[in-house]
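Please read the structure below before turning to the comments.
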Amino acid sequence: MPPVFRFFLLFFPVLTIALVAFALIGAAGTPAARVEIGPPEPPVIKTAVEREFEQQLEEIGASLQGEVGIAVVDVASSRSYHANGTELLPQQSVSKLWVAMAALGKVDKGELDLDEAVVMRAGDLTLFHQPIREIVRTKGQFVSTYGELMRRALAQSDNSANDRLLRRVGGPEKVQDWLDRKGIDGVRFGTDERTKQSAIAGLEWHQTYALNNLFYDARNKVPGEIRRAAFEAYLADPIDGASALAIARALAALARGELLSERSTALLRATLETTRSGPNRLKAGVPPGWTFEHKTGTGQYLEGEQSGYNDVGIMTAPDGTQYAIAVMI
């Protein structure tokens with residue numbers, strides 16, 4: 001088990017215990033005016049308990065290997081707490097959130113029906129985690145709907161489902177346009193999975209890579225210095241870079257119903273609650289009676305380094321208090 005995995009097993013229960021204590025104390029006090037997602041947060045005088053909570057986040061971040069960004073936003077008050085929460089770090093599959101939101105934005109405008117049929121064939125397959133591939137390999141195609149692709153992209157983190165939905169939305173530029181229109185600064189969408197993951201490995205995508213283990217075979221043939229250079233270039237300036245604070249603020253806005261219609265918001269949140277990935281990440285520390293709607297992101301591994309190990313979502317206490325949380329390593 002890579003060291004970062006062991007750290008996560010220890011870290012996430014600690015974070016949620018701190019969050020529970022913070023909620024029980026009622027540290028947020030009187031709700032502040034709603035903070036917009038994009039502009040820098042105005043100076044806020046924090047209470048002693050709030051400062052202690054933020055110090056706990058800093059201590060947790062310092063205890064982990066690698067660069068860490070942690071952010072927590074109280075949904076109702078918009079008050080935010082973070083440790084290194086403004087640095088742009090790789091999102092990896094966390095970026096599937098924005099594809100789903102952009103798609104639901106089209107649903108809200110009547111430009112997309114989630115019941116619209118879609119047929120996926122070999123040319124639609126990508127790489128890494130893609131349960132749809134086995135269906136296509138067995139039956140020659142996968143007949144479904146865009147609503148089902150969205151569910152698979154979020155709950156199963158299926159890369160092929162995500163990239164096909166992305167094409168229906170209009171491509172990466174349309175997703176970035178949606179983020180910009182919503183005022184979600186500090187989040188780069190980047191590009192589709194096949195393009196991004198190939199570049200991180202020092203390759204250019206070729207559709208044959210979607211078959212069997214051909215991507216892994218091609219990656220293994222990349223000279224070590226070229227692969228290392230591509231890997232480091234991605235970490236230094238991630239095409240899908242986002243800050244933990246920007247993600248947490250966007251999720252808080254989603255929870256307040258500011259990004260999508262009530263129906264689309266409910267659908268998205270219900271889907272995120274069924275996420276299967278990351279059972280030993282934030283979900284591992286969720287106390288009884290709390291709910292957690294989330295999306296994970298995991299990057300490629302090279303010589304002891306991982307290009308992203310993330311979990312973000314909305315946590316709800318038994319009394320209905322909601323927190324948007326983002327942890328990125």
Side-chain angles (χ1 to χ4, degrees), residues 8 12 15-16 37 69-73 75 85 88-105 126 128-131 147-163 165-166 169 175 178-179 182 184 186-190 192-193 196-197 238 240-255 259-260 264-286 290-299 306-316 322-329:
F8 262 81
F12 286 124
L15 175 59
T16 49
I37 303 169
I70 306 173
V72 177
V73 176
V75 170
L88 296 185
L89 298 173
Q91 292 183 81
Q92 290 295 313
S93 285
V94 166
S95 65
K96 290 180 172 72
L97 277 172
W98 318 122
V99 178
M101 290 188 196
L104 289 170
T126 57
F128 297 150
H129 189 68
Q130 45 174 339
E148 175 64 9
L149 293 188
M150 185 181 74
R151 185 194 68 78
R152 286 173 174 267
L154 294 174
Q156 299 180 15
S157 208
D158 189 307
N159 287 336
S160 290
N162 180 76
D163 280 9
L165 180 62
L166 173 61
V169 169
V175 175
W178 184 87
L179 288 164
K182 295 297 181 179
I184 303 176
V187 174
R188 299 173 179 170
F189 170 70
D192 58 23
E193 290 292 333
K196 177 171 61 181
Q197 301 301 344
D240 62 342
S243 73
L245 186 56
I247 292 174
R249 284 178 171 171
L251 288 171
L254 174 72
L259 301 183
L260 299 168
S264 291
T265 299
L267 174 61
L268 179 58
R269 295 188 62 176
T271 304
L272 292 174
E273 194 171 354
T274 67
T275 295
R276 299 178 184 177
S277 59
N280 290 326
R281 302 189 196 185
L282 276 172
K283 184 183 289 186
V286 177
W290 290 56
T291 60
F292 187 42
E293 309 144 26
H294 71 125
K295 182 72 193 77
T296 59
T298 308
Q306 194 152 26
S307 59
Y309 195 74
N310 313 320
D311 202 0
V312 308
I314 301 168
M315 193 175 292
T316 305
Q322 299 180 94
Y323 297 96
I325 302 175
V327 181
M328 307 177 75
I329 298 180

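As a basis for the values below, the full set of heavy atoms in this structure was taken, side chains included, without hydrogen atoms, waters or symmetry mates.
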Sequence neighbours left out, what passes side-chain hydrogen bond (donor to acceptor under 3.5 Å, both in side chains) with Ser277? Give chain and number order. Thr296

By side-chain hydrogen bond (donor to acceptor under 3.5 Å, both in side chains), Gln197 pairs with (sequence neighbours left out) Gln92, Glu193, Gln300

Apply side chain to side chain contact (heavy atoms under 4.5 Å, CB included) to Ala242 and list each qualifying residue two or more places apart in sequence or on a separate chain. Gln91, Val187, Ile247

Pro238 and Leu89 have their tightest heavy-atom pair at CG-C, 4.1 Å

Looking only at heavy atoms, which two atoms of Ala155 and Thr274 are closest? And how far apart? CB-OG1, 3.5 Å

Among Asn310, Thr298, Asp311, which one satisfies side-chain hydrogen bond (donor to acceptor under 3.5 Å, both in side chains) with Arg281? Thr298

From Leu251 atom CG to Leu272 atom CG, the distance as rounded to the nearest 0.5 Å: 8.0 Å

List the steps, then state whether side-chain contact (heavy atoms from CB on, under 4.5 Å) holds for Val94 with Met328. CA-CA 10 Å; Val94 166; Met328 307 177 75; 5.8 Å; no

Which heavy atom of Ala248 sits nearest to which heavy atom of Ala71, and what is that distance? CB-CB, 4.0 Å

Rounded to the nearest 0.5 Å, what's the gap from CG on Leu179 to CG on Leu259? Could you check? 9.5 Å

State which residues pass side chain to side chain contact (heavy atoms under 4.5 Å, CB included) with Thr316; sequence neighbours excluded, sorted by chain then number. Arg269, Thr291, Glu293, Ile314, Gln322

So which atom in Asp158 and which in Gln130 form the shortest heavy-atom distance, rounded to 0.1 Å? OD2-C, 3.4 Å

To the nearest 0.5 Å, what is the distance between CG on Leu282 and CZ on Phe292? 4.0 Å

Do Lys295 and Ser157 have side chains that get closer than 4.5 Å, going by heavy atoms? yes

Taken to the nearest 0.5 Å, the spacing of Ser93 OG from Gln156 CD works out to 12.5 Å

Closest heavy-atom contact between Ala161 and Arg152? CB-CB, 4.0 Å

Just verifying a value: how many Å separate Leu260 CG and Thr265 OG1, rounded to the nearest 0.5 Å? 4.5 Å

Which atoms form the tightest heavy-atom contact between Leu254 and Leu268, and what is the distance? CD2-CD2, 3.8 Å

Tell me, please, which residues at least two apart from Ala102 pass side chain to side chain contact (heavy atoms under 4.5 Å, CB included). Val169, Val175, Trp178

From Leu97 CG over to His294 NE2, what is the distance, rounded to the nearest 0.5 angstrom? 11.0 Å

State which residues pass side-chain hydrogen bond (donor to acceptor under 3.5 Å, both in side chains) with Asn159; sequence neighbours excluded, sorted by chain then number. Lys96

